Visitor: 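Take this structure, written in structure tokens, and hold onto it; I'll ask about it next.
Computed from a predicted model, the values in this text were never measured in an experiment. We count residues from 1, following the sequence as given.
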Amino acid sequence: MPNKHFCQGPDCHTRITQDRFLKSRGVIRGRYAVTPLDHQSQYYRRGKYFCSTGCEYAWLDYHMESIEQGRPIEFIRHRRVSEGYEKRTTTHENNWSGGTYTTSQIKRVDNRTELD
């Protein structure tokens, strides 16, 4: 287990990026926080709880009313995932140089089957 918390951002596990995608299970996972738990710097203490300032600000926007009202906020102790994704690779022909290149995209997969 790494010496870091999981990112507390409310939407971290839903953002589609290459480093969050786990191909073997087809899931998007939340990231680890930026700073290790034993880091002693006062400069970025909030980095122990968030992977980026975007997640930090999203968490604050999401929980601001609870903070104002003095209600407790749950601390996330497990890595959250969003299931149902796959990586699709497409090969393209490059007309101006005659070569080919590939692009990859992570797409949501709809596994539902509709009955008529």
Visitor: Quick check: do K4 and L37 have side-chain heavy atoms less than 4.5 Å from each other?
Guide: no
Visitor: For D61, give me all partners under side-chain contact (heavy atoms from CB on, under 4.5 Å), at least two apart in sequence or on another chain.
Guide: none
Visitor: Residues two or more places apart in sequence or in another chain: which of them pass side-chain contact (heavy atoms from CB on, under 4.5 Å) with Q69?
Guide: E65, R71
Visitor: Identify the two heavy atoms, one from K48 and one from A33, that lie closest to each other, and give their separation to 0.1 Å.
Guide: O-CB, 3.4 Å
Visitor: Enter the distance from E74:CD to H63:NE2 here, rounded to the nearest 0.5 Å.
Guide: 9.0 Å
Visitor: To which residues is W59 joined in a hydrophobic cluster, defined by side-chain heavy-atom contacts under 4.5 Å among Ile, Leu, Val, Met, Phe, Trp and Tyr, whether direct or through other members?
Guide: Y49, F50, L60, M64, I67, I73, F75
Visitor: Do the non-hydrogen side-chain atoms of Q8 and C55 ever get within less than 4.5 Å of each other?
Guide: no
